[in-house]
Amino acid sequence: MERFALVTGASGGIGSAIAKQLGEEGYSLILHYYQNKESVTKLARELEGHVQTVLLLQGDLSCKSGVAAFLTKIAVSVDVIVHNSGQSVTGLMTDISDDELERMIYLHITAPYRITKALLPKMIQRKSGQIILISSIWGITGASYEVLYSTVKGAQNTFVKALAKEVARSGIRVNGVAPGAIQTNMLTDYSEEDLMIIKDEIPLGRIGVPEEVAHAVSYLISEKSSYITGQILSVNGGWYT
């Protein structure tokens, strides 16, 4: 029986690593992207011959109409949802515009809520399903100059804990992964000096790689974690434990 996994933000470093990992594990894939079609198309080519079905779905998840349009494109039952789409906004809280505030809330909180709400009924009917949110270390500890990002990621963590309790009797597990410093485009604005400071603060002494986040997702949706739900797994090298 064909099993489908939806990965939002699949064109990014963590999203593509998750997609590859789930493809290796036999899942057919629904890969969401917003603007970076070239990257997600390249990913799909890499998966050819290894994955039964790969569907590419474009969508702007930062607004109501974009999420509604995206949901109309999902024509299969989804067994695994990985909410990975995200965007970081840095700066003083007083400098963040109302438009940025609304967009970030919609992308990180409202969109995962609406997508899950739309796909959940079929999971409940089957009495099986896995839902993963890719949160952040800042959703746990908070970060100065990233108050908005910390806020929405903290909301994702609470979403995980609450929904896990609500759907557990339906055989559905909900967990989160909170990455620390991972080698993705989010770190491109950091200088070498800044990165060295971060590495010195991390007990394992290095920046993580996207594959390490993907491995955490793989574990949380597997039978090896069958008694784990409502948890946020930190993948951060011991940073801010």
Are the side chain of Asn175 and the backbone of Gln231 linked by a donor-acceptor contact shorter than 3.5 Å? yes

Distance (rounded to the nearest 0.5 Å) between Thr110 OG1 and Lys117 NZ: 11.5 Å

Indicate yes or no for a side-chain donor-acceptor contact from Ser225 to the backbone of Leu220 under 3.5 Å, with no hydrogens or angles considered. yes

Does Arg114 reach the main-chain N or O of Lys64 with its side chain, forming a donor-acceptor pair under 3.5 Å? yes

Backbone N/O of Gly9 and side chain of His32: donor-acceptor pair under 3.5 Å: yes

So how far is it from Glu2 CD to Thr53 OG1, rounded to the nearest 0.5 Å? 3.5 Å

Got Leu22 and Ile221 here, is their nearest side-chain heavy-atom distance under 4.5 Å? yes

For Ser85, is there any backbone N or O sitting under 3.5 Å from a side-chain donor or acceptor partner on Thr8? yes

Quick one: does any side-chain atom of Lys153 pair with a main-chain N or O of Ile134 as donor and acceptor, under 3.5 Å? yes

Could you measure the distance from the CG atom of Leu120 to the CD1 atom of Ile131? Nearest 0.5 Å is fine. 5.5 Å

Note, Lys20 side chain near Glu211 side chain (heavy atom, < 4.5 Å): no

Any side-chain heavy-atom pair from Tyr33 and Thr41 closer than 4.5 angstrom? no

Side-chain donor-acceptor pair present, Asn185, Thr188, cut-off under 3.5 Å: no

Are any of the side-chain heavy atoms of Glu201 and Ile197 separated by less than 4.5 Å? yes

Between atom CZ of Phe4 and atom CD1 of Ile74, what is the distance when rounded to the nearest 0.5 Å? 11.5 Å

Nearest heavy-atom neighbours spanning Leu61 and Ala111: O-CB, 3.3 Å

Side chains of Tyr149 and Val89 in contact at under 4.5 Å (non-hydrogen atoms): no

Could you give the distance from CD (Gln125) to OG (Ser170), rounded to the nearest 0.5 Å? 10.5 Å

Flag, side chain of Ser39 to backbone of Ser11, donor-acceptor distance under 3.5 Å: yes

Share the residues that join Tyr145 in a hydrophobic cluster, the rule being Ile, Leu, Val, Met, Phe, Trp or Tyr side chains under 4.5 Å apart at the heavy-atom level. Leu92

Is a side-chain N or O of Thr141 found less than 3.5 angstrom from the main chain of Trp138, in a donor-acceptor match? no

Okay, side chain of Glu212, backbone of Val209: is any donor-acceptor separation there less than 3.5 Å? yes

Side chain to side chain, Glu146 and Ser136, heavy atoms closer than 4.5 Å: no

Test item: His108 side-chain N/O and Gln87 main-chain N/O as donor-acceptor pair under 3.5 Å: yes

How many angstroms lie between atom OG1 of Thr229 and atom CD of Gln130, to the nearest 0.5 angstrom? 8.0 Å

